[in-house]
Amino acid sequence: MSEHAVTLTVNGVAHARTIEGRVNLADFLRHTLGLTGTHVGCEHGVCGACTVLVDGRSVRACLMFAVQADGRAVTTVEGLAAADGGLDPLQAAFREHHGLQCGFCTPGMLMTLTEFLRENKTPSAAQVREAIGGNLCRCTGYAGIIAAALAAARRIAADGA
Amino acid sequence: MKPQAFAYHAPRGLNEAIALLARLDNAKLLAGGQSLVAMMNFRVVAPDAIVDLNGVAGLDGIAVGGERLRIGAMTRQRDIEVSPLIARHAPLFAAALAHVGHRQTRNRGTIGGSLAHADPAAELPAICAVHDAVVELAGPRGTRRVEARDFCTDFMTTAAAPEEIVTAIEMALPPRGHGFGFAEFARRHGDFALAGAAALVVLGAGGMVDRAAVVLFGVAHAPLRLAQAEEALRGRALTRAGILAAAAAARAITPIGDMHASADFRRHLVEVLLARALRDAALRIGVDVGGGA
Ligand code: FES
Ligand code: FES
């Protein structure tokens with residue numbers, strides 16, 4: 001067994017902990033830091049529920065050891081809303097367009113689409129489908145999620161203009 | 001599940017990584033981890049030590065120089081997919097990468113890791129093989145190079161010795177204006193392919209095929225260059241009949257059969273996929289052989 005000192009920021013807040021090498025980033029966020037917004041579905045990289053951003057890029061937190069996040073900036077679903085709890089445009093669009101039912105896949109969907117919409121300001125429905133290809137949803141049938149992502153893109157473009 | 005406990009090592013330099021690998025018992029190199037960590041979570045693989053290459057300086061990056069392309073082993077698949085250098089010189093990589101897992105896995109997964117893992121259904125070892133790339137290895141006795149087409153030697157087995165590390169792939173730049181095609185069949189986009197094919201075609205004088213390279217994957221324990229198909233294309237014009245005849249060379253192979261697809265189904269699939277890859281390659285160099293090939 002090996003224990004390692006890890007220093008990282010999560011949603012802009014610095015954390016320093018000592019952890020075992022085998023602890024994955026999702027478990028570290030949930031159990032060590034108490035940030036349970038990141039969900040764990042399959043633990044082998046298939047469902048996408050655990051998706052977080054590491055230095056701005058979407059990754060599967062179940063396929064990365066927390067020690068590997070040393071020195072990095074992690075963003076989780078808890079980091080999307082404003083300090084006063086106001087939803088960000090993507091979250092608001094999910095609510096308006098029924099982008100979720102049980103909500104289990106939602107954190108992963110939001111983080112995946114956060115990265116995607118940052119790179120693609122005017123996406124097509126086909127591009128959104130492709131972007132969430134690595135995120136499974138057992139409830140919605142995806143239609144609401146795609147509508148939400150397209151609406152969020154329009155909203156972000158309008159706000160930015 | 002959770003992986004079994006292991007000792008974690010994060011070397012900063014290549015020599016340190018090589019020394020660790022030589023010294024430690026039952027050690028595994030960790031590149032992008034998109035296959036290895038999943039297997040560790042399943043406890044299909046249970047190394048006593050992990051040597052993490054993510055902090056090793058100088059193993060990533062894409063460079064073109066002296067008519068050669070070099071891709072560092074730790075270059076992320078996503079960075080290759082969107083690289084302007086790749087788009088200009090070797091766009092087949094980008095076409096294939098669109099089928100490799102998903103964006104989240106491509107953000108972590110590396111080309112070196114994909115080669116070293118050597119899954120028979122993996123796209124990147126096949127793309128390296130069809131480009132006549134060489135795989136650069138570094139070990140305690142220095143560096144050596146292995147042809148990419150000889151690198152995967154068996155099911156998830158490579159020519160790399162246990163104490164060697166894949167450091168880069170390198171290849172001659174394909175000629176400007178070459179045609180390329182890629183086609184695979186998976187149950188869902190991003191899943192492991194049941195079978196796939198890729199092709200590179202260069203036209204010479206009079207519109208005759210000067211060079212043709214063809215690879216199949218997912219059908220054998222390693223990527224398979226199909227010499228008979230390449231031979232059938234060379235020296236001839238690209239036609240629908242010629243492409244179908246070349247693809248028919250795939251009928252002679254003996255594919256693997258498993259619970260996902262029988263050998264017969266795979267043999268049928270690669271013939272169809274190879275014809276599609278060749279048709280797309282032709283189309284990209286302005287030869288429309290008609291649909292449905
Ligand atoms: S829990 Fe990570 S991909 Fe399913
Ligand atoms: S809302 Fe239930 S899994 Fe997607």
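Every chain is numbered from 1, with letters handed out A, B, ... down the list of sequences. Treat the numbers as computed from the prediction; the structure is a model and nothing was measured.
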Does any heavy atom of chain A fall under 4.5 Å from the side chain of B:Met40, the backbone, both, or neither of them? side chain
Who among B:Thr105, B:Asp191, B:Asn41 has the most heavy-atom pairs with chain A under 4.5 Å? B:Asn41
Side chains of A:Leu25 and A:Phe65 in contact at under 4.5 Å (non-hydrogen atoms): no
For the residue pair B:Ser83 and B:Phe93, establish whether any side-chain heavy-atom pair is separated by less than 4.5 Å. no
So which of B:Asp48, B:Asn54, B:Asp52, B:Leu36 has the biggest tally of heavy-atom pairs under 4.5 Å with chain A? B:Asp52
Tell me, out of A:Ser58, A:Gly21, A:Cys62, who's got the most heavy-atom pairs with chain B below 4.5 Å. A:Ser58
Compare all side-chain heavy atoms of B:Phe6 with those of B:Lys28 and state whether any distance is below 4.5 angstrom. no
Using a 4.5 Å cut-off on heavy atoms from C-beta on, say whether the side chain of B:Asn107 contacts that of B:His102. no
Please classify the contact between A:Asp70 and chain B as side chain, backbone, both or neither, with a heavy-atom cut-off of under 4.5 Å. neither
Heavy atoms only, distances under 4.5 angstrom: which of A:Glu43, A:Met111, A:Glu130, A:Met64 has the most pairs with chain B? Name it, please. A:Glu43
Interface residue of largest heavy-atom contact number with chain B, from A:Asn24, A:Asp27, A:Val40, A:Val23, under 4.5 Å: A:Asp27
Using the six-membered ring wherever Trp is involved, compare the ring planes of B:Phe217 and B:Phe182 and label them parallel, tilted or perpendicular (cut-offs 30° and 60°). parallel
Are more than 12 heavy atoms, taken from residues, nucleotides or ligands other than A:Phe104, located less than 6.0 Å from that residue's CZ atom? yes
Part of B:Ile50 within contact of chain A (heavy atom distance under 4.5 Å): neither
